[in-house]
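Any value given below was found using the heavy atoms of this structure, including those in side chains, with hydrogens, waters and symmetry copies removed.
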Amino acid sequence: MRWLLLRIAACSVVILTVALAQAQKPTLVQILNNRSIFGKDFPAALRGLPAWNAQGEQEVVVFAHRVVGATALDTKEESEKQAAQLNDMLLKLQVQFKPDFRSLAEVAPGRLHAEAIPFPEDDSQRVAVSDSSLQLLNPELTPARLREALGPAERVGYVTVQNKFERRPIQLTVYEYADGQIAFAEPNPSLRAGFIDRILLKVRAVNAAVFEEAR
C-alpha cells in the first residue's frame, strides 16, 4: 500500500508539473506586448499587417529595418506590381488597436512604404516595407535572452534556405511560440553569430490579435 501511495503521489507531481508548464506558456498577446524582445519601432511593423493581410500574404519576416513578405516571386515586374498594390492599401489604411495594445498605438507610426527588392538568400524577388531609420528588432536579442523573456520555445525547428546557385545555404534555427503564430530565427552563417536576426509573423493570426478592425 505504501509503495502504491508513493507511485500515485509521484504521478500527481508529474501531472501537476506538466499542467503548470502548459499554463505558463505565453499567449500571442503577451508575447507581442513584451517590449524587451522587440525593437523600439516594432509597432510600425504591426501597423502594416492589415494591408499585408488584405493582399493575401500569409507570413511576413521582420528584419532590423524592414518587413519582408514571405512569398517568393519570380520576376522584378511581378514584385513591383505587388509593391504598388501594397502601397495603395497602406495609404488607405485605418486601424484601431485592441485594448491590450493601446500602449503600442502611442508610438509614432513609421513611414511605411512598400518596394520591390531582390532577396539574396534564395535569389527571389520579394515585396518589402523598409525604413532604415526604424529599429524593428532588439539588436541584442539572443536565444538565451529570448528564453529568459518567454520561457522555452514550444518547438525548435531547422530550416535550410536554398538558393539558385551553389553558394552555401543559410541555415535557420527557428524558435516557435504561440502555436507557431510567432517565431524567432537565428541564422548560420551570420555576421553576428549567436543573435536572432528575424521574427516570423503569421499575418492573419497576429492581425486578428492586435486590431479591432481594418478597412
Shortest non-hydrogen contact from [X] toward [Y]:
| X | Y | value |
| --- | --- | --- |
| Val127 | Ala114 | CG1-CB, 4.4 Å |
| Ala64 | Leu137 | N-CD1, 3.7 Å |
| Val129 | Trp52 | CG2-CZ2, 3.7 Å |
| Ala54 | Met89 | CB-SD, 3.9 Å |
| Asn138 | Ser36 | ND2-O, 2.7 Å |
| Phe63 | Asp197 | CD2-O, 3.5 Å |

Non-hydrogen side-chain atoms of [X] and [Y] separated by less than 4.5 Å:
| X | Y | value |
| --- | --- | --- |
| Ile170 | Pro189 | yes |
| Asp122 | Gln162 | no |
| Leu150 | Phe184 | yes |
| Glu154 | Asp179 | yes |
| Leu49 | Val95 | no |
| Ser133 | Asp41 | no |
| Arg147 | Tyr175 | no |
| Gln96 | Arg102 | yes |

Can you measure from [atom1] ([X]) to [atom2] ([Y]) and round to the nearest 0.5 angstrom?
| X | Y | atom1 | atom2 | result |
| --- | --- | --- | --- | --- |
| Arg66 | Arg126 | CZ | CZ | 11.5 Å |
| Asn53 | Asn207 | CG | CG | 4.5 Å |
| His65 | Leu136 | NE2 | CG | 8.0 Å |
| Ile199 | Ile37 | CD1 | CD1 | 6.5 Å |
| Arg145 | Glu148 | CZ | CD | 8.5 Å |
| Glu176 | Leu200 | CD | CG | 8.5 Å |

Is it true that, when you exclude [X] itself, more than 12 heavy atoms of the residues, nucleotides or ligands shown sit nearer than 6.0 Å to its [atom1]?
| X | atom1 | answer |
| --- | --- | --- |
| Gln30 | CD | yes |
| Arg198 | CZ | yes |
| Leu91 | CG | yes |
| Glu78 | CD | yes |
| Arg192 | CZ | yes |

* Quick one: do Thr173 and Tyr158 satisfy side chain to side chain contact (heavy atoms under 4.5 Å, CB included)? Show the steps, please. => CA-CA 5 Å; Thr173 303; Tyr158 302 92; 3.7 Å; yes

Has [X] got a side-chain atom pairing as donor or acceptor with [Y]'s backbone, closer than 3.5 angstrom?
| X | Y | result |
| --- | --- | --- |
| Gln85 | Gln55 | no |
| Asp123 | Asn163 | no |
| Tyr177 | Lys25 | no |

* Asked: Given the rule in the side chain to side chain contact (heavy atoms under 4.5 Å, CB included) test, do Thr142 and Phe195 qualify, once you have shown the distances and angles that lead to the verdict?
  -> CA-CA 5 Å; Thr142 63; Phe195 287 88; 3.7 Å; yes

Is there a continuous path of hydrophobic side-chain contacts, each under 4.5 Å between heavy atoms, that joins [X] to [Y]?
| X | Y | answer |
| --- | --- | --- |
| Leu93 | Val60 | yes |
| Val161 | Leu73 | no |
| Val62 | Val174 | no |
| Leu86 | Val61 | no |
| Leu146 | Val206 | yes |

* To do: Specify whether Phe211 and Phe97 have parallel, tilted or perpendicular ring planes, treating 30° as the upper limit for parallel and 60° as the lower limit for perpendicular.
  => tilted

* side chain to side chain contact (heavy atoms under 4.5 Å, CB included) assessment of Glu57 paired with Thr71 -> CA-CA 7 Å; Glu57 186 66 73; Thr71 300; 2.7 Å; yes

* Does the side chain of Thr75 pick up a donor-acceptor pair with the side chain of Gln125 at under 3.5 Å? -> no

* **Verdict with supporting geometry, Ile182 and Leu28, side chain to side chain contact (heavy atoms under 4.5 Å, CB included)** => CA-CA 7 Å; Ile182 184 170; Leu28 180 60; 3.9 Å; yes

* **Residue pair Glu212, Lys98: steps toward the salt bridge (Lys or Arg N to Asp or Glu O under 4.0 Å) verdict** => CA-CA 5 Å; Glu212 294 282 7; Lys98 287 185 175 180; 5.7 Å; no

